[in-house]
Student: 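Let me give you the structure first, and then I'll get to my questions.
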Amino acid sequence: MKKISIAIDGPAAAGKSTIAKMVAKNLNYTYIDTGAMYRCVAYYALKNKIAFEDEERISQELKNIEIQMCPDGTIHLNKEDVTSLIRENEVSMGASFVSRYSAVREFLVNKQREMAQGGGVILDGRDIGTVVLKDAELKIYQIASIECRALRRHKENIERGIESDLEAIQQEIAKRDEQDMNREISPLKKADDAIEIDTSDMTLNEVVAHVMNLVLERVQ
Ligand code: DC
């Protein structure tokens with residue numbers, strides 16, 4: 001079967017990575033979490049006490065940032081395992097902030113394209129279908145209502161035993177969407193040739209089945 005490239009874009013906490021991982025597993029494709037790469041840059045800034053607002057310093061430091069996405073799903077930043085550290089709320093907000101800088105985007109987009117070479121890949125993010133993989137054979141724009149996204153995140157936190165405030169989560173998601181959709185360079189938007197899937201009233205398995213059908217239409 002032909003190996004294609006799949007792009008999944010959409011707003012924060014829309015369940016893109018969950019779907020992307022399940023589809024990648026079904027197809028034996030490589031999954032690339034591009035949001036994790038922006039999170040690594042934000043985490044690096046936090047750790048080195050560089051303000052997210054300091055574009056010049058962050059841009060200069062990129063040469064010292066080495067990100068490794070390991071096959072077992074762990075993410076290493078300069079050899080440190082940061083897989084769970086980059087999920088902290090402060091890092092989410094920071095990633096959304098530093099992702100507006102042109103040097104940061106250029107640095108990470110180049111890496112993403114290198115990793116995606118040869119196909120058989122599924123990438124999720126904000127600009128995959130519009131910038132990173134403009135020629136992807138399948139582009140999905142995954143959305144869900146803000147209430148639904150916040151509630152899912154809230155339930156996830158509770159299941160993991162993390163303290164959670166539904167109202168605060170909803171506000172954070174709204175702030176991130178606003179930043180990601182209104183930045184100057186590569187803002188989040190649906191590519192003209194992307195297929196929109198509203199997952200608000202769908203189960204995980206329904207979304208995966210729908211995406212799998214779209215893949216099969218393209219590889220057969
Ligand atoms: O997908 P995520 O929530 O882990 O992404 C964190 C932030 O990184 C997101 O708010 C905006 C930025 N991002 C981006 O600008 N482009 C991408 N392709 C992926 C993420």
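Atoms within each ligand, like the ligands themselves, are counted from 1 in listed order.
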Student: May I ask which of Gly35, Ala13, Pro187, Ser96 has a heavy atom nearer to atom 20 (C) of ligand 1 than the others do?
Tutor: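 Looking at heavy atoms only, the winner is Gly35.
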Student: Would you say Asp124 has any N or O atom under 3.5 Å from an N or O of ligand 1, going by distance alone?
Tutor: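 In this structure, Asp124 places no N or O atom under 3.5 Å from an N or O of ligand 1.
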Student: Any chance NZ of Lys79 has more than 12 other-residue heavy atoms, nucleotides or ligands included, within less than 6.0 Å?
Tutor: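 Count not over threshold, so no.
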Student: As a check for students: among Arg176, Met93, Arg105, Met37, identify the option with a heavy atom nearest to atom 3 (O) of ligand 1.
Tutor: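 Heavy atom nearest to atom 3 (O) of ligand 1 belongs to Arg176.
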Student: Report the member of Arg183, Arg126, Lys16 with the shortest heavy-atom distance to atom 1 (O) of ligand 1.
Tutor: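 Selected option, by shortest heavy-atom distance: Arg126.
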Student: Hey, is Asp9 close enough to Lys189 for a salt bridge, meaning N to O under 4.0 Å?
Tutor: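 Salt bridge flag = no for Lys189 with Asp9.
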Student: Cut-off 3.5 Å, side chains only: do Ser186 and Arg126 have a donor facing an acceptor?
Tutor: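 The answer is no; no qualifying pair exists.
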Student: Can you sort out which atoms of ligand 1 are near Gly125, meaning under 4.0 Å from one of its heavy atoms?
Tutor: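 Reading through ligand 1 atom by atom, the close ones are 17 (C), 18 (N), 19 (C).
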Student: Tell me the contacting part of Arg39 for ligand 1: side chain, backbone, both, or neither, using a 4.0 Å heavy-atom threshold, strictly below.
Tutor: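 Within the 4.0 Å criterion, Arg39 contacts ligand 1 through side-chain atoms alone.
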Student: At less than 4.0 angstrom from any non-hydrogen atom of Asp127, what atoms of ligand 1 do you find?
Tutor: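 Close to Asp127: 16 (N), 17 (C), 18 (N).
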Student: Check this for me, if you would: do Arg176 and Glu172 make a salt bridge, where the nitrogen-to-carboxylate-oxygen distance has to be below 4.0 angstrom?
Tutor: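 No salt bridge links Arg176 with Glu172.
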Student: Using a strict cut-off of 4.0 Å, indicate which atoms of ligand 1 neighbour a heavy atom of Ser99.
Tutor: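 Within the 4.0 Å cut-off of Ser99, ligand 1 contributes 11 (C), 12 (C), 15 (O).
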Student: Go through ligand 1 atom by atom and flag the ones less than 4.0 Å from a non-hydrogen atom of Ala95.
Tutor: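 Counting atoms of ligand 1 from 1, those under 4.0 Å from Ala95 are 6 (C), 7 (C), 8 (O).
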Student: Salt bridge or not for Glu156 and Arg153, using N-O below 4.0 Å?
Tutor: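 Salt bridge between Glu156 and Arg153, a charged N being under 4.0 Å from a carboxylate O: yes.
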Student: Only counting residues at least two apart or in another chain, list the ones meeting side-chain contact (heavy atoms from CB on, under 4.5 Å) with Ala24.
Tutor: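 side-chain contact (heavy atoms from CB on, under 4.5 Å) check on Ala24 returns Tyr29, Tyr31, Ile122.
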